Amino acid sequence: MTGTDHAQRAKELPTGLARSLFRVTLPRWRGGRYSLSKLFFNFYLLAMGSFVAIAFTADFVISTAQRGITDDYARRFMRGTITLIEDELFRQPRSTWSRKIKELDEKFSYNLGIVERITLDRTLTPAQVIKLDAGDIAIDHDGDIMYHRLGTSSQVLVVGPLASGRNPELAERMPLELRLRLLTWSLTGVIFGIALWFWVRPVWRDLEALRQTARDLGDGNFESRAPSARSQLFAPLSDTMNGMAERVQQLIATHKELSCGISHELRTPIARMRFALEMLSETDEQSERQRLWSMMEADLDELDHLIDTSLTYARFEREAPAAHFSRVLLDTWLTQEVDSVRLLGRDLSITVDTTQLPETQEVDLDRKAMPYALRNLLRNAFKYANRQIAVSAHLDGEQIVLHVDDDGIGIPEGEREHIFSAFTRLDRSRDRSTGGYGLGLAIARRVLELHGGTALAEASPLGGARFTLRWKAVQD
């Protein structure tokens, strides 16, 4: 089996393992479709029932509040009729009142009668009894029957029931008020049902789309996305679910990328350490053993640096840490940062040019993250520069622009964006002098994104590569 086959298997192993894990450990999503008819009727019954309850409650409150006004109006309206009936009765002997009242009853659409005063003590309220004894018109609790005492006698004229529903002569006919109520409620229910249908249907479609998307995500299909919501009610939820799916997919891709990349990067130092151990067991020369020990220590340092860099990149990929901005004098800060790594540049000429900056130019930056980005660019320049590295900065509107130029081999135009991806290197060498892990530039861009800026690669005036850091000088 060739080295290419081993590399291919190393790339396929994490992916295949992840797929197997998802297939084995994730349970299948259970749950049926949303029923449109069930959803509609649930909404309809709830809304219509609430509406009817509110309407009846309001009608009861209004009727109770207006009862006194209605009774007073009924008294004034019927007073003339009752007075005429009373005068007609007083023209007749009291013994003929029963016969006369029957004759008058035939001329009205409601009943007329005469009862004894003593029988009404339990029928009327105390307030109405007082009105009756005072010669006024008393009305029963339902407001349908009126009572009027005939002079000073013990007999009382009864007029009513006035409502057609309580009148035996009109009992076979449906009351007009009931017919109007039934018609009104029927039209209201139909119109409300049509309006609710046109509102529920888009909601049901959005719910069904979100359910299907959630089911796909639960089954491990992280490329699934919810379609655009038809109703504004579910638009934020749809966007949030898509954002969550994209973030989960990104985290899984980062995990696979780190697993594959780290496993690939670990091969070289581990192979060198194994070779050194084999050589160590076969030699007794002190100088050779010391050289092999130094080689293994360097490999251990390389492994430690690889782990530290991978963890830093994973932290930025998992979630952007909160930035802690400090305001610093850019000229002083930039000079100090370059001087801190100048020894790594060996015999290279390293210059810092801040002449295009105002003398007291201040800038907001995270003093823990931004040095990491700048030092990564400088280390990259140290690897590839021939003789010269130039660091410069200037102000472009409200943004700080910082360049790191070298006179090395440069970067092909088609690769200038790709090199900011993790584990990407133009030099495939595993030699410590130029071979890296392909994480430094990726971390540099994440740091600049944390500052609301970006990192770019261009052609340098020195003939090599130019890396540019650009971010807002004063953070909001």
Side-chain angles (χ1 to χ4, degrees), residues 247 250-266 269 301-326 333-334 336-338 340-341 344-345 363-385 389 391 393 400-406 408 411 415-430 432 434-458 465-472 475:
R247 186 61 180 161
Q250 182 181 3
L251 289 174
I252 292 176
T254 302
H255 174 73
K256 291 180 180 179
E257 185 180 31
L258 281 173
S259 300
C260 183
I262 291 175
S263 62
H264 197 58
E265 293 295 339
L266 287 175
D301 291 338
E302 183 177 347
L303 289 174
D304 184 67
H305 186 239
L306 170 60
I307 294 172
D308 180 66
T309 306
S310 300
L311 290 176
T312 302
Y313 174 75
R315 180 167 57 90
F316 276 100
E317 279 295 305
R318 183 173 64 252
E319 57 177 320
H324 302 283
F325 293 111
S326 302
W333 177 83
L334 185 58
Q336 291 175 349
E337 290 299 326
V338 174
S340 67
V341 294
L344 300 178
V363 63
D364 291 340
L365 51 82
D366 189 318
R367 301 194 67 170
K368 195 172 182 180
M370 185 60 79
Y372 199 98
L374 178 59
R375 291 171 189 172
N376 274 330
L377 297 189
L378 289 171
R379 290 192 185 99
N380 189 79
F382 292 158
K383 294 177 184 178
Y384 297 102
I389 295 176
V391 180
I400 290 293
V401 181
L402 194 154
H403 298 302
V404 178
D405 294 285
D406 65 63
I411 303 173
E415 298 286 344
R416 290 173 185 170
E417 181 63 25
H418 184 56
I419 59 173
F420 288 99
S421 301
F423 299 105
T424 299
R425 286 176 303 209
L426 299 182
D427 185 357
R428 306 299 178 183
S429 172
R430 293 292 182 269
R432 290 194 187 98
T434 58
Y437 315 116
L439 290 174
L441 296 179
I443 294 175
R445 172 163 284 187
R446 298 300 184 275
V447 171
L448 267 295
E449 291 174 352
L450 180 67
H451 287 70
T454 187
L456 303 171
E458 303 170 299
R466 161 175 281 186
F467 288 95
T468 301
L469 305 181
R470 178 187 290 267
W471 75 99
K472 196 173 181 180
Q475 299 291 330

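Given the structure is predicted, the values throughout are model-derived calculations rather than measurements. Side-chain atoms are counted along with the backbone in the values below, which use heavy atoms only and exclude waters and symmetry mates.
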Can you tell me how far the [atom1] atom of [X] sits from the [atom2] atom of [Y], to the nearest 0.5 Å?
{"X": "Ile419", "Y": "Asn380", "atom1": "CD1", "atom2": "CG", "value": "7.0 Å"}
{"X": "Lys472", "Y": "Phe325", "atom1": "NZ", "atom2": "CZ", "value": "10.5 Å"}
{"X": "Leu378", "Y": "Ser340", "atom1": "CG", "atom2": "OG", "value": "8.0 Å"}

Salt bridge (charged side-chain N to carboxylate O under 4.0 Å, His left out) partners for Asp405, two or more places apart: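 Per chain and number, Asp405 pairs via salt bridge (charged side-chain N to carboxylate O under 4.0 Å, His left out) with Arg466.
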For Arg416, all residues meeting salt bridge (charged side-chain N to carboxylate O under 4.0 Å, His left out), sequence neighbours excluded: none
Please enumerate all residues that pass side-chain hydrogen bond (donor to acceptor under 3.5 Å, both in side chains) together with [X], with sequence neighbours excluded.
{"X": "Asn376", "answer": "none"}
{"X": "Arg445", "answer": "Glu417"}
{"X": "His403", "answer": "Thr468"}

Set of residues satisfying side-chain contact (heavy atoms from CB on, under 4.5 Å) with respect to [X], sequence neighbours excluded:
{"X": "Ala385", "value": "Leu348, Ile389, Asp406, Asp407"}
{"X": "Ser326", "value": "Arg367"}
{"X": "Asp366", "value": "Ala323, His324, Lys368, Ala369, Leu450, His451"}
{"X": "Arg470", "value": "Asp396, Gln399, Val401"}

Steps toward side-chain contact (heavy atoms from CB on, under 4.5 Å) verdict (Val447, Trp471): CA-CA 10 Å; Val447 171; Trp471 75 99; over 6 Å; no
Student check: side-chain heavy atoms of Val363 and Trp333 closer than 4.5 Å: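 No; the side chains remain at least 4.5 Å from each other.
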Taking every non-hydrogen atom, the tightest pair across Phe420 and Leu441: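 Distance-wise, the nearest heavy atoms are CD2-O, 3.4 Å.
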Heavy-atom pair with the smallest gap, counting every atom of Ala444 and Ala373: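 Smallest interatomic distance, heavy atoms only, reads CA-CB, 3.9 Å.
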Working for side-chain contact (heavy atoms from CB on, under 4.5 Å), residues Ile400 and Leu469: CA-CA 8 Å; Ile400 290 293; Leu469 305 181; over 6 Å; no
